[in-house]
Chemist: 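Attaching a single structure in structure tokens format; questions to follow.
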Amino acid sequence: MYKIILKKALTDQITQMNVYAPDVVKHAKAGQFVILRVDESGERIPLTIADVDKNDGTITIIFQVIGKTTYLLNQKKENEYILDFVGPLGLATNIDDLQNVLVISGGVGSAIAYPLCKALFNQGTYVDLIAGYKSISQMILYNEFEAVTHHQFYTTDDGSFGKKGFVTDVLKTLLEKQTYDHVFAIGPIVMMKAVSEITKLYHIPTTVSLNPIMIDGTGMCGGCRVKIGNQMKFACVDGPDFDGHLVDYDNLLKRNQMYVEKESKDFNEVKSRGDHHE
Ligand code: FES
């Protein structure tokens with residue numbers, strides 16, 4: 001059992017939890033994730049390690065309530081327990097020898113982009129950030145990003161903060177004036193696809209972080225398979241980072257859509273049960 005030491009609402013839909021898991025803390029690196037199960041009847045979901053605190057032995061997870069499992073997780077309060085919390089899983093992001101990097105995040109993808117920016121910044125890499133959100137009310141980790149990046153560019157769909165529009169608008173403008181050794185894109189699949197199409201034109205190596213359906217997290221179930229070039233890979237053991245120029249995004253979108261539909265059906269059921277009990 002893993003104790004929730006801190007619970008904080010970052011927006012009306014996004015929650016941060018710090019979970020006491022010293023064994024996971026010991027080995028965790030940027031880019032890795034945990035698979036958790038809220039209780040015996042719960043499904044396993046992967047969540048990226050957003051931060052670690054070596055002093056108090058906690059792992060920070062940040063999640064958006066999008067389905068049944070995240071809804072149930074969000075019902076948990078401080079000092080309550082999560083049944084399973086397995087990790088760190090996946091390969092750490094390769095950040096060796098990078099001098100000049102652009103990190104692009106979208107929505108709750110910022111929870112993955114933040115530890116990456118921090119790791120890059122701490123090793124002396126020059127890091128610029130483009131972070132996109134629907135609206136100012138959905139922005140997360142603003143102060144944290146400011147502390148670990150050199151320049152920040154923000155976009156919102158409704159223009160309530162930063163530039164109105166998409167991260168790709170800022171990306172195009174930036175690449176007209178300067179270049180980067182490497183681009184990381186983390187967020188909705190359509191965003192990562194659009195970013196990768198642009199960086200390909202500029203021949204900038206690009207890494208994306210994929211978040212397909214995961215069940216066991218050990219490479220056995222095949223749930224997280226993704227098509228990379230003409231190879232099948234498992235995001236849980238071969239990723240979650242992949243070459244953005246090789247990912248078959250349409251295949252990934254299709255598979256994730258099936259899962260989202262099931263989660264939202266289960267979510268409505270569990271929510272209506274909860275509402276009746278209130
Ligand atoms: Fe089962 Fe990756 S989650 S193979």
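Every number for a ligand or one of its atoms is a count from 1 in the order of the listing. None of these values were measured; they are calculated from a predicted model. Numbers here simply count residues along the sequence, with the first being 1.
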Chemist: Give the cluster check for I61 versus I112: same hydrophobic cluster or not, with ILVMFWY residues linked at side-chain heavy-atom distances below 4.5 Å.
Modeler: no

Chemist: Keeping waters out of it, list the protein N, O or S atoms under 2.8 Å from atom 2 (Fe) of ligand 1.
Modeler: C224 SG, C236 SG

Chemist: Is the distance between the ring centroids of H182 and Y180 less than 6.0 Å?
Modeler: no

Chemist: Is the closest side-chain donor-acceptor distance between T93 and D241 under 3.5 Å?
Modeler: yes

Chemist: Will you find, in the side chains of T58 and D53, an N or O donor that is under 3.5 Å from an N or O acceptor?
Modeler: no

Chemist: Answer yes if I49 and M214 sit in the same cluster of Ile, Leu, Val, Met, Phe, Trp and Tyr residues linked by side chain heavy atoms under 4.5 Å apart, and no otherwise.
Modeler: no

Chemist: Would you say S160 and Y133 are linked by a side-chain donor-acceptor pair, where the criterion is simply a distance under 3.5 Å?
Modeler: no

